[in-house]
Structure formats: C-alpha cells, structure tokens
Protein chains: 2
Amino acid sequence: MQGKTTLKTLAEILEISPSTVSKALHDSPEISEKLKVKIRELAKKEHYIPNAMGRNLKSRETKTIGVIIPDILPHFFAKALYGMEAMAGEMGYQIVICISNESLKKEIKSIHTMISSGVDGVVMSLSQETQAKMQIEHLLQLKKYGIELVLFDRVLSIINCDKVSINDALQAEQATVELIKSGCKKVGYLTNILNTSVDDQRKQGYQDAMKRYKLRNRVIGFNPKDEFPAKQINTLIAEGKLDAILAANELSAIMTIKSVLDSGYEIPKDVSVIGFTNGVISANFRPSLSSIDQHEEEQGRLAMETIIERLQGKLPKEPLDYKLRTSIIHRETTRHE
Amino acid sequence: MQGKTTLKTLAEILEISPSTVSKALHDSPEISEKLKVKIRELAKKEHYIPNAMGRNLKSRETKTIGVIIPDILPHFFAKALYGMEAMAGEMGYQIVICISNESLKKEIKSIHTMISSGVDGVVMSLSQETQAKMQIEHLLQLKKYGIELVLFDRVLSIINCDKVSINDALQAEQATVELIKSGCKKVGYLTNILNTSVDDQRKQGYQDAMKRYKLRNRVIGFNPKDEFPAKQINTLIAEGKLDAILAANELSAIMTIKSVLDSGYEIPKDVSVIGFTNGVISANFRPSLSSIDQHEEEQGRLAMETIIERLQGKLPKEPLDYKLRTSIIHRETTRHE
DNA sequence: TTGTAAGCGTTATCAG
DNA sequence: CTGATAACGCTTACAA
C-alpha cells in the first residue's frame, strides 16, 4: 500500500522482468495474451501510474501541450483556454498552463518550465512586455529543443510558426465604420492593452476608418493598474469631442457605459459604445453591450488543433497563419434603425 | 546551435565531467570559484535549461505545484488562480494547472497527470461530479506517491489534509439575516452549483436563518447548461412569493437583476439581491450589485502558501482547516437606511 | 514468448 | 578540487 508503484514493483510482484511488464502495458504483440491480462489486472489493482519522467527521458512524446497566457482574468483568455482544454482532451492530449502575467521575465520562466518538463508543443499569447520590448530569443529556444510553437491572439509576424488570430485591424475598421454610419462623428478608441500587436492593429484599423471619413481620431489609452479615465471621457463628451467609443475589451466598455450614464448622458443617444469581446457580461449588462465576438473558444480550439496536427505531421511545411473572421453583435449601446 | 543543450554537452565542450558541471551549477563548495564562473558563463551562453525529467528521476523536488480547478470561467476560480500563481512565484515555485471541467473522469485524469509529471504538491477544488458521487479514491493516490494535498473552496471533511475555504454557511446565514432585517420576508436562494459542498453549506446557512425568523424557505436551483429560470423568478415575484434573492454566484445575480428589471419591477424596492463573489462586474453593474466578497485572491494565496509550507515542514502535523471570514458589501441592490 | 542491458539527463556517493 | 559510477523509471534493441 505504501510507496509508489513502478514497473519494477509490478515486475517483482509477478516475478517477471520490468521490460515484460512495459511491453504488456503497451499491448506489444510480443507478449502472450494471458500474461497481458494478468499484468493489466495487477496494474489496475495496484493503481499503477506510469512515471512521465522516466518515460520521457527516452525522448518519447508526452502528449502534453503547454499553454502560456498573459492573464486569466479577462474573459477572452479564460474562454480561449476553455476551448483549448476541450480540444486537447478530444485529441487525447493534456495541457499544462502557465501565466506570464504580462511580464517578459515570467514568460521566459514559463518557457523554461515547458522545456524542462518536456511538453511536445507550446501554444501561447505573448505578454505585453514581450511585445513592447520585442524580445523573442526565448521563443527560439523552443525550436532548439524540438518543441513546436503556435502563437495565438498576440502574434508576431517575424516569428516563423503557425499562428491563429483574428483580423483585428479589419474588425476595428468595420466597427468604426458602423459607428460612423450610425451618425457618430467623434469616435474614440479606448484601450488598456497598450503595446500589444492586437492593440496596434485595432488602433490601425480604427484610424484607417477615421481617415477615410476625414474624421479626427482620438485614442484614449490607460494602464489597467491605474484608475479608469472616467473624468477624461466625460470631459471630452461635455466638450462635444466624443460621441462614440470603440473599447479594446469588454471591461473597459462597461466601465465606459457606467461612467457615461452616471454622468447623466444617454446611451446610445449621446454616446454609442462597442466593445471587443462578447463575453458573459455583454448580453447581461443594462443596457446590453454591442460587441465584437472574437469567437475566443473557437480560436482556442483551432490553436490547439493546429499544434497537435503539426506534431502529428498532418500540416504542410509552410507555417499556417489563420486570421479568423469575427462578427459584430449589435445590442442596445449602438444606434440602428 | 542545433540540438538540446544538456549537462553532458556543456561537459564535453569544456572537456570536464558532467558531475563537475552539475555541482558547479548547484554552487557546490566542492568546486573552485574559477571553474564555477567558467561553467556558469558557458551555461548561459548555450542557454542551458536543466531537464526536469532527469532531475526528478533522482526524486528531488520539482518546485512545482499542481492546481486542479473545476472551471476557469467563473470569476472566483480565475481570481483564486491568480492569487495562487502570484504566491507560488513569490515563494520560488511554479504551478501547472489542469481543469477538471466539473467532471470526475477528468479530475482523475488530472491527478494522474500531476503524479506522472512529478509535482511536489496539489492544490485543488473538487469537481461537482466528485462531490455528488463522493468518489475520492483518486485523491488517496496522491498520498501514496508522497504528494501533499490542499483542498480549497470545495473541500470534503472526510479527507485528511489541509483545507482552505470560507465559512459559507455562516456567510449565507448572515446575508439572509441582513436581507430579512432590511424588510424582506420572502427571501429565495438561487443556485446553479448544485451538489457541491459549497452549495450545501450556503443552502444550510440560508435555511437556518429563514427558520430562525420563521419564514418559509425557497430554493431555486438550475443547471448552468440550461436556460436561466427568469420566468420562474418573475412568476414568483408576481405572486408575491419572492422579495429577495441570495444568489450563489455573481453571474446568476446579475441575470436575476436583468430579468427582474426587464419585467418592470424595481430593485431594491420590489426585490433585493445579494450575490456570492464580489467580482469585477458587481461594482460596475447598474445597479451596482451588493455582494459577498470571498477574498478569492487571498484564498488562493493562502492555499498556495499552506501547501508550500507543508512541503517545507513548517506546519504542525495536524492538518489545518482554515475557514476564512468574508464580508458583505452593500451596494445598490439592497435596501439600507 | 520472455529476459537482459543500455541509455535518456541528472545527481549523490565515493575515489582519486 | 575533480572525476567515475550508480541509480532514478522507463523503453527498446538484442539475446535467449
């Protein structure tokens, strides 16, 4: 009862050799059916759990995918993770998760953990700091150890690997155009994910749309650790400089709504709002939030599927670069006829 | 550049023995300072990452804690995870996370992964199915492999290990009493986490309070996969059978608010609402939600600290059973003078 | 059909 | 101070 059960333990009990046990548990044709049954039964009885360390030292695959995300609190990542976990399970893989906490240092540490613990592949979204400093040496380490990499959401074009992301620029542009077409002239872009590829692209798309309609663009950035810039927003509205907000995430969107309404303005009459990520809050908020559905669960599933198929040699040599289409869901914070 | 860098690689380059390299990298006093410097420099230059498999086979500690949670989408677990991750980092540990998805089968698989990958300890919250079926054999496996266990949030008294949870019964009772004292007579308890220890205790606390005030209790349970029972709630209100809701989590609380308000009732005039978990939505919702702060980040931190201190032999032999105090935050969905 | 032996990367023990 | 050797648990040629 006491002590770990190993192959050797099982072998000793049955007075046979460890290699025979190993083969039997791998259903090798070399072993007689009778013995296999006996060994399998004992293994079950003794609750034998193979030691991944031992197994992996012989450089076999671990059927484990490492996932590194910058943060778990935003709905986007939580939901993407959910999708990854589900897909991995369906394809017979396990996942281990590390959180980089938007820090480069932690991201490097996480990569080391992944390498060290022998995952077959890594799916990750880059930390804010990584993207700001453009330091990517640690990602190259993975290649050296023969570990596949798939980037999702926060991707980087200079890295040669499979990528899964949404067409952020296009989507931001489209949302901005819709706001403009609904009658807004002073659309602002609100973001708290400065310096990320995702943010850059959304900003770009937004600015392109504004430029096309010859409108002045206004970017309101803030650090999530600081206070929400409610005052700034309300002042802009009061000065007639803002009549719509495209928010880079769901939480900023609802905080915008709250501060705008609390100041006595009406939504969408005075100010329209669209938020990225169509999370649980969007539909249930009052007023319900018009938002951009990033199909985060699908993105997670696709990223996981991609890395596993890559590992299984099912993909072409050229890296894939999925740009998923998203959709705008109009609810009560935007005007429409 | 190609191929993994191992101790042997480094040793070969310097034409010394692997054991010397190992000792040097562990800062052993046996090795001369000069050589240590040389070896450390090479290790850095070659981006040497020690292989946890090899190391762990010598049954040393991995400084890794496994975390198993039933779900990541609810704010409670995401935030608790955040706290765990932070504390682990501060104490020099890494975490790996598995999601049981409320399923016993997945929970067992996750435990196997943890054992197999050699974590030093496991912090977990039991899945709904595990608690419903009361199957706990797999947890005993951990002991056998010398892996410490700390249960948090969804704990089970019959398991002999350290535990961290909140005093759910007391808290539910107190919240119910406050609702009653504010003038509500027909308080209902709304839950979508049926069959969990947490839910049982909250229900118990709620029922105790109702009994004490000689009021009839009413439990409204629903499956998160099914539709929200908005109709049922509104019917009860219309029939004068419900004037307050104690919701087992934040999302149910805001869904309640939404459906109640959308039906033309006023909050808190007609119906008061208190929700468990004071997440990001509570403060930002309109009306802002009165809620029970479970200090989830603190809970996560404490659970992590406990397991690490247990591993470090800093705790008394008797298992600890923390019951954290929580606090009720009154906002706009409850009446008060 | 079963067993033996070597080796994966690391570290602890013991010699030199 | 440095090196050889064995061992951790497992797989896999190769031998019996």
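In this text, all values refer to a predicted model and were calculated from it rather than measured experimentally. Below, read A as the first sequence line, B as the second, and so on, with proteins coming before strands; counting in each chain starts at 1.
Comparing B:P18 and A:N51 by the nucleotide of DNA chain D whose heavy atom lies nearest to each, the residue mapping closer to the 5' end is B:P18. Where B:I16 and B:K58 each meet DNA chain D at their nearest nucleotide, the meeting point lying more 5' is that of B:I16.
Phosphate proximity of C:dG9 to B:R55: absent, as no side-chain N or O sits under 4.0 Å from OP1 or OP2. A close approach under 4.0 Å does occur between a side-chain nitrogen or oxygen of A:S32 and OP1 or OP2 of C:dT2. Between B:S22 and the phosphate of C:dT11, there is a side-chain N or O to OP1/OP2 separation shorter than 4.0 Å. Distances shown here put every side-chain N or O of A:Y48 at or beyond 4.0 Å from the OP1 or OP2 atom of D:dG9.
With rounding to whole Å, B:L25 atom CG is found 16 Å from C:dA12 atom C1'. With rounding to whole Å, A:I31 atom CD1 is found 12 Å from D:dT12 atom C1'. For the pair B:E12 CD and C:dG9 P, the computed distance is 10 Å after rounding to whole Å. One interatomic measurement links the two molecules: CG of A:L7 to P of D:dC8, which rounds to 13 Å at whole-angstrom precision. Distance A:K4 NZ to D:dC10 P: 10 Å, rounded to the nearest Å. Spacing between atom CG of B:D27 and atom P of C:dT11 amounts to 13 Å, rounded to whole angstrom units. If you take NZ of A:K38 and P of C:dT1, they are 15 Å apart, rounded to a whole angstrom. Distance A:I39 CD1 to D:dT11 P: 13 Å, rounded to the nearest Å.
With distances taken from any side-chain atom of A:S17 to the nucleotides D:dC10, C:dG3, D:dT2, the minimum falls on C:dG3. Closest contact between the side chain of B:L57 and the listed nucleotides D:dC8, C:dT1, C:dG3 involves D:dC8.
Side-chain N or O atoms of B:S22 include none that pairs as donor or acceptor with a backbone N or O of B:P18 at under 3.5 Å. Judged purely by atom type and a 3.5 angstrom limit, A:S116 uses its side chain to pair as donor or acceptor with the backbone of B:P50. The backbone N or O of A:V155 sits less than 3.5 Å from a side-chain atom of A:S197, completing a donor-acceptor pair. No donor-acceptor pair closer than 3.5 Å links the side chain of B:Q141 to the backbone N or O of A:Y48. Side chain of B:E296 to backbone of B:K79: no donor-acceptor contact under 3.5 angstrom is found.
Side chains of B:S110 and B:T113: no donor on one and acceptor on the other come within 3.5 Å. With hydrogens and angles left out, the side-chain atoms of A:K109 and A:S103 include no donor and acceptor closer than 3.5 Å.
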Atom pairs, N/O to N/O, protein against nucleotides 13-16 of chain D, distance under 3.5 Å?
from, atom 1, to, atom 2, distance (Å)
D:dA13, N6, A:K23, NZ, 3.4

